[in-house]
Amino acid sequence: MRRPIYAAAMHRTLADDLSRLPELLQSARDFAAGEVDGLDGRPVAHPGKVPDPEPLPAEGHGAQGALSRFGERWAPGFSGSAGPRYLGFVTGGATPASLTGDWLTGAYDQNVSGGGGSSASALERETVGWLRELFGLGEAHSGAFVSGATVSNTVGLAIAREWLGERLGVSVSREGAAALGPVDVLSGSAHSSVTKALSVLGIGRDRLRTVPVLPGNREAVDVERLAAALEALDGRPAIVVANAGTVNTVDFDDLRAIAALKERYDFWLHVDAAFGGFAALSPSYAHLVDGLDAADSVCVDLHKWLNVPYDAAVQFTRRRDLQVRVFHNESPYLGLPTGDPDFLHLTPENSRRLRALPAWFSLMAYGREGHREIVERNIALARLLGERITDVPELRLLAPVRLNVVCFTLADEPTRERVHALAAAVAASGEAYVTPTVYAGTQGLRAAFSNWRTTKADTERVFSVLRSAALTVSPRSGNPC
Ligand SMILES: *Cc1c(COP(=O)(O)O)cnc(C)c1O
């Protein structure tokens, strides 16, 4: 029989778990250690068979029971995406220190919306300050943690939208995006998340106008064509999205030249430096992000090349006043916050987890030099794979390896079927994972290096499986597709 509600006793299993909490955390630690240690041996990608659904438990199995059921039913189907040979998309892993920070984020369960009797907000501010320095930005930029580069781009473009209102004498945060009339957004090779952001912001996906890129296998915007497009606006203020690291070939817009156009034209400069921003860490590649500091808003992802667990990115802007106008969590008693606003006035969320802690841990543990080493090793390994691919007659590079991504295809008749079959064969080997793309109208594959664990030996293993797979799907081997 059910106890009457006024008995107010803690549920039996919950009380039991509470009494053995240290023991439970220890077994979770042991389980995680086994999984992370086995990353090298598990299949890099999983074929995707998922367990049959189970009903919602009525009484529950306790944390230990949940852990064993998870271990049996779900863990075997998880990918090795945190491991060294998962080269799909741009997928970072989690450094040991960042994983520690992530666990503690859950353990402390701070709500970093405002002060709330905790120093956690100050820790986020310290981390944002370190990141600003890491990416070569000055004091004029302030920032906050968000869940990923898509949200970082969205926040940057929301501030841009408010700025357009300021230029046109309307308040978008009060009157809505319609008060602006049609908005012009110009970019060379914008990431798909930019059009998504434009849709969310009520600017509209179709308002993104693609400016031609430089000739000769480039994805960087042609700055003269950009100037011409701005000229044609006849003084109307616009938004320019510059790209620092395109996903296919990691090309970089000339940020300095674009920023210089501000002397002649009225535009907000947003830079999507989701992973390309990490070029700033290496003296050999930092020139690629020269001029980043001139941006009005900047997006950098952290769960990619900083190698912290999902979900983490940072957004920076020079116009925190406009950011507060957009994201201000209005209360009937208080006006606009002044000074150092609480984070709930800066990002889409009100309640927020302490996303900064994993990044804080990794930066504290490895410093600028440790993270520079990850970036430079990944770049060197991408170049190595690029060289190896050049030596295989069945394969060819679609673009030079500019940074950490190798974009390549089959040398002969790279149909969609064949290229996808190549990706599938690589995935089925369990040895590596690469993702299909279309580059300049040609079907291709991308191998993106951004994991702290990846070694030369891993790269040779990736190459070896790629070469065998290419031999089986290439039309030279009589494959009919
Ligand atoms: C990955 C990426 C994004 C989106 O990042 P999410 O973290 O997946 O939201 C945006 N821009 C660029 C250039 C990217 O590489």
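All residue numbers refer to positions in the sequence shown, counting from 1. Computed from a predicted structure; not experimentally measured. In each ligand, atom 1 is the first atom listed, and ligand 1 is the first ligand listed.
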Side chains of Asp102 and Thr105, donor plus acceptor under 3.5 Å: no

Pair Asn153-Ser193, side-chain donor/acceptor within less than 3.5 Å: yes

For ligand 1, the residues whose heavy atoms come within less than 4.0 Å (ordered by chain, then number):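 Those residues closer than 4.0 Å to ligand 1 by some heavy atom are Gly148, Ala149, Thr150, Asn153, His191, Ser193, Gly245, Val247, Asp272, Ala274, Phe275, Asp301, His303, Lys304.
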
Sidechain N-carboxylate O distance under 4.0 Å for Arg355, Glu124: no

Asp301/Lys304 salt bridge by N-O under 4.0 Å criterion: yes

Test salt bridge (charged side-chain N to carboxylate O under 4.0 Å, His left out) applied to Asp342 - qualifying residues, sequence neighbours left out: none

Arg167 charged N/C atom sitting above Phe267 aromatic ring, 6.0 Å / 45°: no

